[in-house]
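All values below come from the heavy atoms of this structure, side chains included, with hydrogens, waters and symmetry mates left out. Chain A is the first sequence line, chain B the second, and so forth, proteins listed ahead of strands; every chain is numbered from 1.
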Amino acid sequence: MIVVLVEVTPDGEPAEVSLEAVTFARSLSAAGGGVPVDVVVVGEPSTSSVETMTAYGVRRVHALTGDAFAAFSGAAWAAGVLSVREKAGSVVVMASGTPRGGEVMAHVAARAGVPMAANVLSFGGLSPFVVTRQVVGGAALEEMQLSARPAVFTVAGHAVEASPAESPGAGDVVVETPAVADADLVARVVSTEEPEADLSGDLSSARVVVGAGRGAGSADGFKDLLELTELLDASLGVSRVVTSLGWRPHHEQVGQTGSRIAPDLYIPCGISGAIQHWAGCSSAKNILAINTDAEAPMVTRATYAVIGDLHEIVPAINEEIRRRRG
Amino acid sequence: MTVLVCVKRVVDSSSEVVLTEDGQAVDGRYAGFTMSAHEECAVELAVQIGSAVGGATVMTLGDADAVEQLRAALAVGCEAATHVVADPQTFGPADVAREIAAVVKDQGHELVLLGNDAADSGDFQVGIRLAYELGWPVVNGAATVSVAEGVVTAGVAGPDGHETYRVPLPAVVTVLEGGVSPRYPSVPGRMKAKKVPIDERQPTAEPAGTGRVRLVLPPPAPSSVQVLGTGPEAAPAVVDLFEQLGVLAR
Ligand SMILES: Cc1cc2nc3c(=O)[nH]c(=O)nc-3n(C[C@H](O)[C@H](O)[C@H](O)COP(=O)(O)OP(=O)(O)OC[C@H]3O[C@@H](n4cnc5c(N)ncnc54)[C@H](O)[C@@H]3O)c2cc1C
Ligand SMILES: Nc1ncnc2c1ncn2[C@@H]1O[C@H](COP(=O)(O)O)[C@@H](O)[C@H]1O
């Protein structure tokens, strides 16, 4: 059996990246002769989330409940995942390559005394089990052998497209309250502050993202970019140069060490397209690059481009949008 | 109490990445070497916390050249350095965690800071494995870390907002960049760093290894960019595109 840790968004739905992980698990299951795919969620799942997981071919949803799971603890979640795996005897334990997914899988692997592969894109042979994963922020790929069982890994965000199964799974829900040792609850979230609403909005789920890099020129160089962000009801995402220089806050950063985005349209302005930035935006469906340098990697890899100074082009675009709206 | 911070010498990957001929490693001959941004922030936090308590020690497991990264951390305020001399390519995350644990036990640190993930191997796990080696709690991906009265307070940007952890010492914390700005080394800092003796050690056990079969470079994406125009004159074409993609509606 394959066990997938599924993360649930605040509105109670399975996160898109988790559905990608379930989709990945299904292809692994098919290659392995149809072993069932079970998922673990923390908390009682909503009816609609169970429907979604069923459509994704899930056989059983193991819901971890009880005081130990009231606030996040990587060790407690791992204990819960391992209790499911022990009962079901699964050979694979996996999650999506989110901060939570990676953290819990590292705990699972350390507790089980097996290796873990982070940010897997695909698998090759099953025996031996070889995966290909992103290293160096996606600039290189590693073929890695995972010989021990369970094979523990995370799936890189947007490595596969989430798609429902041809035939739904059974989708049974089993509520479980595994015992968790006190030691596993020492490092536990004690408080969570809601993020302040700002223009970075929900970067990872935004439909349109306006990007800004060193080309913005200074902390005062964002006026037109912010206006474009508002006109398109978009989110603002920036490069690391921008956050390192303190022009914009770090939570707006896109890339290997920032958010990963997958909008319908990404508009990087004055961003060169370094591999570490690309790691965060390569899943955008369309990219419109605005850059003075027609040879910049962001331009050559984009779908569309406008060559020139963003401080001239962006105000002209804003003006044109206002004109058409009347 | 004292703080230990763990850094790894990695190839600077901000420009083009080249592999060694045998496909077993990233070739740093042209790009040069560095420590990752997460670890620079971990060093900064270790120095800040260490200055209020018993000081910060930096350690690395790496080849002879990794002394460069130890000196860099000494130059910004770490007071001592330990070098486990070994080929890092042959040490997997579990091996590295075991070696760090041996240093911690010998030297008696109460707080260990690491990066969230190494910029080359990107394993996302050494800190957590270390915590299990030591039997200590671990907070992962902290942007801010402070210590008061034997308790570590760590701030993490979680999926639902800003999370706070409070854990008693001894503890392990892995650091994500973004919460502090690493300081630049001063000239006196650099001079002082050159004189600090580095404590060299051998690994305590044979490594189990990494499971690496080989590295490959991703295939280059062919360029199919459609240039809409040059300068502000391109604005109408851009807004046409917005309409076509349906992102202008409201
Ligand atoms: C371990 C590691 C992790 C990293 N993580 C990230 C990450 O998460 N996110 C990230 O973004 N980076 C990350 N980086 C940094 C990355 O390598 C690049 O340094 C960074 O992305 C460059 O930012 P930039 O494109 O804004 O700046 P530059 O590379 O300096 O590019 C500026 C671009 O703006 C253009 N330009 C200049 N002026 C104008 C103008 N007036 N109008 C239009 N265009 C103009 C230039 O032609 C150029 O293409 C990481 C690096 C490392 C080593
Ligand atoms: N060879 C090493 N020497 C010292 N610290 C290391 C080494 N490898 C990894 N680390 C630490 O562990 C963190 C996470 O690494 P990883 O789990 O390999 O992605 C890094 O950011 C470092 O702080």
Give, for atom NE2 of A:His251 and atom NE2 of B:His162, the distance between the pair rounded to the nearest 0.5 Å. 12.5 Å
Backbone N/O of B:Pro236 and side chain of A:Arg324: donor-acceptor pair under 3.5 Å: yes
Give the C-alpha distance, both sets of side-chain angles, the deciding distance and a yes or no for side-chain contact (heavy atoms from CB on, under 4.5 Å) between B:Tyr165 and A:Val190. CA-CA 6 Å; B:Tyr165 289 78; A:Val190 292; 5.8 Å; no
Spacing of B:Phe242 atom CZ and A:Leu228 atom CG [to the nearest 0.5 Å]: 5.5 Å
Checking heavy atoms, do the side chain of A:Arg188, its backbone, both or neither come under 4.5 Å from chain B? backbone
Non-hydrogen side-chain atoms of A:Pro10 and B:Asp160 separated by less than 4.5 Å: yes
Bottom line for A:Leu288: the part with an atom under 4.5 Å from chain B's heavy atoms is side chain
As an exercise: rank B:Gly122, B:Gly231, B:Gly135, B:Ala234 by heavy-atom pairs under 4.5 Å with chain A and give me the winner. B:Gly231
Contact part of A:Ala109 toward chain B, heavy-atom cut-off under 4.5 Å: side chain, backbone, both or neither? both
Counting only N and O atoms by type, is there a donor-acceptor contact under 3.5 Å from the side chain of A:Gln256 to the main-chain atoms of B:Ala119? no
Please determine whether the number of non-hydrogen atoms from other residues, nucleotides or ligands lying under 6.0 Å from atom CZ of B:Arg214 exceeds 12. no
Which one wins on heavy-atom pair count under 4.5 Å against chain B: A:Met116, A:Arg301, A:Lys285? A:Met116
Selection from A:Gly308, A:Ala117, A:Ala71, A:Ala139 maximising heavy-atom pairs under 4.5 Å formed with chain B: A:Ala139
Quick one: what part of A:Ser191 sits under 4.5 Å from any heavy atom of chain B, side chain, backbone, both or neither? both
Using non-hydrogen atoms only, which part of A:Asn318 is less than 4.5 Å away from chain B: side chain, backbone, both, or neither? neither
Can you find a heavy atom in the side chain of A:Glu103 that is under 4.5 Å from one in the side chain of B:Ile128? yes
Calculate, to the nearest 0.5 Å, the distance between atoms CE and CZ belonging to A:Met105 and B:Phe124 respectively. 14.5 Å
Check whether more than 12 heavy atoms from other residues, nucleotides or ligands sit under 6.0 Å from atom CG of A:Asp182, and answer yes or no. no
Side chain, backbone, both or neither: which part of A:Val306 has an atom under 4.5 Å from a heavy atom of chain B? both
So which part of A:Glu319 gets closer than 4.5 Å to some heavy atom of chain B, the side chain, the backbone, both or neither? neither
Residue A:Arg323 versus chain B: region with a heavy atom under 4.5 Å: neither
Contact class of B:Val26 relative to chain A, heavy atoms under 4.5 angstrom: side chain
Less than 4.5 Å apart, any side-chain heavy atom of B:Val238 and any of A:Glu320? no
In terms of heavy-atom pairs under 4.5 Å with chain A, the winner among B:Val17, B:Val167, B:Val239 is B:Val239
Winner by heavy-atom pair count (cut-off under 4.5 Å) against chain B, out of A:Val299, A:Thr192, A:Val314, A:Thr292: A:Thr192
Evaluation steps, side-chain contact (heavy atoms from CB on, under 4.5 Å), between A:Asp264 and B:Leu245: CA-CA 8 Å; A:Asp264 291 341; B:Leu245 295 176; over 6 Å; no
Report which part of A:Asp309 has an atom under 4.5 Å of a heavy atom belonging to chain B: side chain, backbone, both, or neither. neither
Measuring heavy-atom distances to chain A, does B:Glu233 have an atom under 4.5 Å in its side chain, in its backbone, in both, or in neither? neither
Side chain, backbone, both or neither of B:Ser13 within contact of chain A (heavy atoms, under 4.5 Å): both
Heavy atoms, side chains only, cut-off 4.5 Å: are B:Pro168 and A:Val186 in contact? yes
Looking at A:Asp233, A:Ile267, A:Leu265, which one forms a side chain to side chain contact (heavy atoms under 4.5 Å, CB included) with B:Val247? A:Leu265
Segment of A:Glu312 engaging chain B (4.5 angstrom heavy-atom cut-off): both
Taking B:Ser224, B:Ser121, B:Gly141, B:Ala171 one by one, which has the highest count of heavy-atom pairs under 4.5 Å against chain A? B:Ser121
Below 4.5 Å from any heavy atom of chain A, which atoms of B:Leu228 appear? Answer side chain, backbone, both or neither. both
Which of the residues A:Arg240, A:His277, A:Arg207, A:Gln134 is involved in the greatest number of heavy-atom pairs with chain B at under 4.5 angstrom? A:Arg240
Chain A interface, residue from B:Asp120, B:Thr210, B:Asp117 that has the most non-hydrogen pairs under 4.5 Å: B:Asp120
Is the shortest heavy-atom distance from the side chain of B:Val225 to the side chain of A:Tyr304 under 4.5 Å? no
Between B:Leu248 and A:Ile321, is any pair of side-chain heavy atoms under 4.5 Å apart? yes
B:Asp123 versus A:Arg133: any side-chain heavy-atom pair under 4.5 Å? yes
For each of B:Arg129, B:His38, B:Arg166, B:Glu16, tally heavy-atom pairs with chain A at distances under 4.5 Å, and name the one with the top tally. B:Arg129
Is A:Val114 close to chain B through its backbone or its side chain, or both, or neither, when contacts mean heavy atoms under 4.5 Å? backbone
Given a strict heavy-atom distance threshold of 4.5 Å, which part of B:Asp95 is in contact with chain A: side chain, backbone, both, or neither? neither
Which residue out of A:Ala75, A:Ala187, A:Ala289, A:Ala118 racks up the most heavy-atom pairs below 4.5 Å with chain B? A:Ala187
Could you tell me whether the side chain of B:Leu215 reaches within less than 4.5 Å of the side chain of A:Leu141, counting heavy atoms only? no
Find the one option among A:Ile307, A:Thr243, A:Val135 whose heavy-atom pairs under 4.5 Å with chain B are most numerous. A:Ile307
